[in-house]
Amino acid sequence: HMTRLWKGFSRYTVIGIANTVIHWQLFFVFRAAFELSQAVSNLLAFCVAASFSFYVNAIYTFAMPASWPRYGLFMLCMGGLSLGVGWLADRWRLPGLVTVLVFSLLSLVCGFLLSRWVVFRESGP
């Protein structure tokens, strides 16, 4: 069961690296150029980066069609996590690097498990 659960994790991780580059760059642009809060910067950066990785993971990692309901569910759950991490970072006055690092690590594991168990769940035995 454990092998089946983590099937595709290495591919998800490679796509996640591209996602992370996009996310981090946008986060710091939103913070520096627009002086947005960490919560808003993290959410906006997440939305752009995750839109890319959702589509690529649907096709290459989970071999399932990308659909609006799947996209909405993923974005709602993981977007909430990104907003929450950013909100805590603002509240605790953490550096932006800590915010994106913590979110990236949480997102890698939580996003994969959410995708595997819920968003791209395989039907059948």
Side-chain angles (χ1 to χ4, degrees):
H1 290 283
M2 279 305 262
T3 304
R4 185 171 178 212
L5 169 67
W6 294 102
K7 179 183 172 218
F9 186 72
S10 60
R11 189 171 288 177
Y12 188 90
T13 301
V14 170
I15 294 166
I17 291 168
N19 173 306
T20 300
V21 170
I22 295 166
H23 184 121
W24 285 38
Q25 288 178 338
L26 289 174
F27 174 86
F28 289 111
V29 166
F30 292 137
R31 288 288 291 149
F34 300 107
E35 298 180 355
L36 298 176
S37 70
Q38 291 194 62
V40 172
S41 296
N42 205 38
L43 179 62
L44 291 175
F46 162 78
C47 287
V48 174
S51 294
F52 155 77
S53 64
F54 175 84
Y55 181 75
V56 175
N57 274 313
I59 294 169
Y60 296 107
T61 304
F62 300 106
M64 296 185 94
S67 69
W68 285 111
R70 285 186 176 123
Y71 176 77
L73 178 61
F74 182 81
M75 295 301 281
L76 183 66
C77 293
M78 295 305 295
L81 180 63
S82 76
L83 188 61
V85 168
W87 180 83
L88 287 173
D90 285 329
R91 184 169 174 89
W92 295 337
R93 300 188 195 304
L94 297 174
L97 185 58
V98 173
T99 305
V100 292
L101 183 61
V102 167
F103 178 70
S104 295
L105 293 173
L106 282 173
S107 164
L108 176 63
V109 175
C110 294
F112 179 78
L113 294 175
L114 174 70
S115 295
R116 170 66 61 214
W117 285 342
V118 180
V119 176
F120 296 107
R121 182 180 191 158
E122 295 177 8
S123 52

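Atom CG of Leu113 is separated from atom CZ of Phe9 by 8.0 Å, given to the nearest 0.5 angstrom. Separation of atoms CD1 (Ile15) and OG1 (Thr20) is listed at 11.5 Å; rounding is to 0.5 Å. The distance from the CZ atom of Arg121 to the CZ atom of Arg70 is 12.0 Å, given to the nearest 0.5 Å.
Scanning both residues, Leu43 and Gly79, for their nearest heavy atoms gives CD1-O, 3.5 Å. Among all heavy-atom pairs drawn from Pro65 and Phe120, the shortest one is O-CE2, 4.2 Å. When all heavy atoms of Leu26 and Ala45 are compared, the pair lying nearest together is CB-CB, 3.8 Å. Heavy atoms only, all atoms of each residue included: Leu114 and Cys77 are closest at CD2-CB, 3.5 Å. Listed here is the closest heavy atom pair of Phe52 and Ala18: CE2-CB, 3.8 Å. The nearest pair of heavy atoms linking Gln38 to Leu94 is NE2-O, 2.7 Å.
The hydrophobic cluster containing Phe27 does not contain Val102, counting ILVMFWY residues as joined when their side-chain heavy atoms lie under 4.5 angstrom apart, directly or transitively. Note: the hydrophobic cluster containing Val14 does not contain Val109 (ILVMFWY, side chain heavy atoms under 4.5 Å, direct or indirect links). Under a hydrophobic clustering in which Ile, Leu, Val, Met, Phe, Trp and Tyr are joined whenever their side-chain heavy atoms come within less than 4.5 Å, directly or via other members, Leu106 and Leu101 fall into different clusters. A continuous path of ILVMFWY side-chain contacts below 4.5 Å connects Leu88 to Phe46, so both sit in one hydrophobic cluster. In the hydrophobic clustering of ILVMFWY residues, with side-chain heavy atoms under 4.5 Å counting as a link, Met78 and Leu44 come out apart.
No donor-acceptor distance shorter than 3.5 angstrom exists from the side chain of Arg31 to the backbone of Ser41, with no hydrogens or angles considered. Proximity of a side-chain donor or acceptor of Arg11 to a complementary backbone N or O of Thr61 within less than 3.5 Å is not detected. Side-chain atoms of Asp90 come within 3.5 Å of backbone N or O of Ala39 as a donor-acceptor pair. One N or O on the side chain of Arg116 and one on the backbone of Lys7 form a donor-acceptor pair closer than 3.5 Å.
Side-chain contact between Phe74 and Asn57 is absent, with no heavy atoms from C-beta onward closer than 4.5 Å. Counting heavy atoms from C-beta on, the side chains of His23 and Asn42 come closer than 4.5 Å. Between Ser51 and Met75 there is a side-chain heavy-atom pair separated by less than 4.5 Å. Leu81 is listed as a side-chain neighbour of Phe103, based on a closest heavy-atom distance under 4.5 Å. A heavy-atom distance below 4.5 Å is not found between the side chains of Ser107 and Phe112.
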Fill in: Working for ring-ring contact (aromatic ring centres under 6.0 Å, His included), residues Phe54 and Phe62
CA-CA 10 Å; Phe54 175 84; Phe62 300 106; 9.2 Å; no
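At a cut-off of 3.5 Å, with distance as the only test, a side-chain donor of Trp24 or Ser104 sits close to an acceptor on the other residue.
When ring centroids are compared, Tyr12 and Tyr60 stay outside the 6.0 Å threshold.
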